[in-house]
Number of protein chains: 2
Amino acid sequence: MAQCKKAGTKTIVETLQTKGYRLTTGRIALLELLLEAGRPLNVREILESWKGHPLNQVTLYRALENLSDTGVINRVDLNTGTARYEYTPNKPHHHHLVCTKCDVVEDVESCTVSTLQKKVLSGSRRFKSIYSHNLEFFGICRSCAK
Amino acid sequence: MAQCKKAGTKTIVETLQTKGYRLTTGRIALLELLLEAGRPLNVREILESWKGHPLNQVTLYRALENLSDTGVINRVDLNTGTARYEYTPNKPHHHHLVCTKCDVVEDVESCTVSTLQKKVLSGSRRFKSIYSHNLEFFGICRSCAK
DNA sequence: ATAACTATTGCAAGTAATTTGCATTAGTGT
DNA sequence: ACACTAATGCAAATTACTTGCAATAGTTAT
């Protein structure tokens, strides 16, 4: 994991540099937390995980925005009421499966939507381009089903 | 359109009744507005469309929640910052194509995700059931592309 | 129709998420 | 080590949305 972080960090610095962003100690703490969590966290969860406070809440919001900007992390909306952020440098394009009782989230990697995306674009007179899509599945996990 | 409304209203009353909800004048005004708009509106847009105020903002929030409950309207999140609601009784299952510059929204009716949904469920050990999915496409419309 | 029952409404206030302005601090390149 | 500029924290503001409660309007049974 430290190794993974080290290897990842190098590229991340470069990625941030292209937008003039700096990889500060607070942002490193944030990225490490998201990496370890392995699932999308919201602001409240991030702040609660931090006993010391590597980043103030306001700064955290700004860091999340900047890092999302560069694609190092990804903002997802899973209908849980607040935005969530996930660490993405080591992850391929994927979607999510969300339990609407306990909010547990599972990644879904099989994505056949890219071909669908082309069809959708060719079926639209009004749109010039489509550059992304969101696909989330909602269901009930086994432990909530009991 | 008046005809469409009349025909629709009958069923809507019945739909609401099953949950003990009433179809009040304010809610009728809301449904008419959403029907005429033909696209998902957020709370601010609804209130601005109403010169007189058929429903107070607070009541509007409650009405939107109740009506969503019954499926007469549908709440959608299009990453535009606030929840949007669309009139659905006359609409088949569909998705959306959103321009991220001007927020114009187009319906996408071809949905092949139901089969994908089954695959996703069978690929998950943790989940017992999947009952819905969100799929939204993001792009740039032709007039914003100029 | 009318009365009784209960959902709906509006007001005032509250909560939670997110943003902004500004002075101070910390990274980065030379 | 110096200069330049992004990042940070504080206080305060904004925005979306919710809650409690008394008054009102819709529905059902008579």
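By convention in this document, chain letters (A, B, ...) are assigned in the order of the sequence lines, proteins followed by strands, and residues within each chain are numbered from 1.
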task: List in numerical order all residues of residues 67-74 of chain A for which some heavy atom is under 4.0 Å away from an atom belonging to DNA chain C.
output: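 Per residue number, the list is empty: none.
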field: Residues touching DNA chain C, which here means a heavy atom under 4.0 Å, drawn from residues 44-63 of chain A
entry: A:Gln57, A:Val58, A:Tyr61, A:Arg62
Using only atom types and a distance under 3.5 Å, with no angle test, would you say the side chain of [X] pairs donor to acceptor with the backbone of [Y]?
X       : Y        : answer
B:Thr70 : B:Leu67  : yes
A:His95 : A:Leu135 : yes
B:Thr25 : B:Pro54  : no

task: Using a 4.5 Å cut-off on heavy atoms from C-beta on, say whether the side chain of A:Glu86 contacts that of A:Thr88.
output: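 In contact.
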- prompt: Would you call B:Lys91 and B:Asp107 a side-chain contact if the rule is heavy atoms closer than 4.5 Å?
  reply: yes
Locate the shortest heavy-atom distance separating [X] from [Y]; write the atom from each residue and the value.
X        : Y        : value
B:Arg27  : B:Arg22  : NH1-O, 2.8 Å
A:Glu106 : B:Phe127 : OE1-CD1, 3.8 Å
B:Glu45  : B:Ser49  : O-OG, 2.8 Å
B:Tyr85  : B:Leu34  : O-CD2, 3.5 Å

Would you mind reading off the distance between [X] atom [atom1] and [N] atom [atom2], rounded to a whole angstrom?
X       : N      : atom1 : atom2 : result
B:Asp77 : D:dC17 : CG    : C1'   : 14 Å
B:Leu16 : D:dA25 : CG    : C1'   : 16 Å
B:Glu65 : C:dA7  : CD    : P     : 15 Å

field: End-to-end axis angle, where each axis spans five pairs of the helix from C:dA1-D:dT30 to C:dT30-D:dA1, to 10°
entry: 50°
query: The side chain of B:Ala83 lies closest to which of these nucleotides: D:dC17, D:dA7, C:dT8?
result: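 Among the listed nucleotides, the one closest to the side chain of B:Ala83 is D:dC17.
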According to a hydrophobic-cluster definition based on side-chain heavy atoms being under 4.5 Å apart (Ile, Leu, Val, Met, Phe, Trp, Tyr only), do [X] and [Y] belong together?
X       : Y        : result
B:Val13 : B:Leu16  : yes
B:Leu47 : B:Leu31  : yes
B:Leu78 : B:Val104 : no
A:Val76 : B:Ile130 : no
B:Val98 : A:Leu116 : no

message: Considering every strand and a 4.0 Å limit on heavy-atom distances, what is the contact class for A:Gly20: base, sugar-phosphate, or nothing?
response: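 Sugar-phosphate: the residue A:Gly20, judged by heavy atoms under 4.0 Å, touches backbone atoms but no base.
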Show each protein N/O and nucleotides 26-30 of chain C N/O combination with a separation under 3.5 Å, one pair to a line.
unit_1, atom_1, unit_2, atom_2, d
C:dG27, N2, A:Arg22, NH2, 3.3
C:dG27, N3, A:Arg22, NH1, 3.3

Protein and nucleotides 23-25 of chain C: nitrogen or oxygen contacts under 3.5 angstrom:
none

field: For A:Arg44, all residues meeting side chain to side chain contact (heavy atoms under 4.5 Å, CB included), sequence neighbours excluded
entry: A:Asn42, A:Glu48
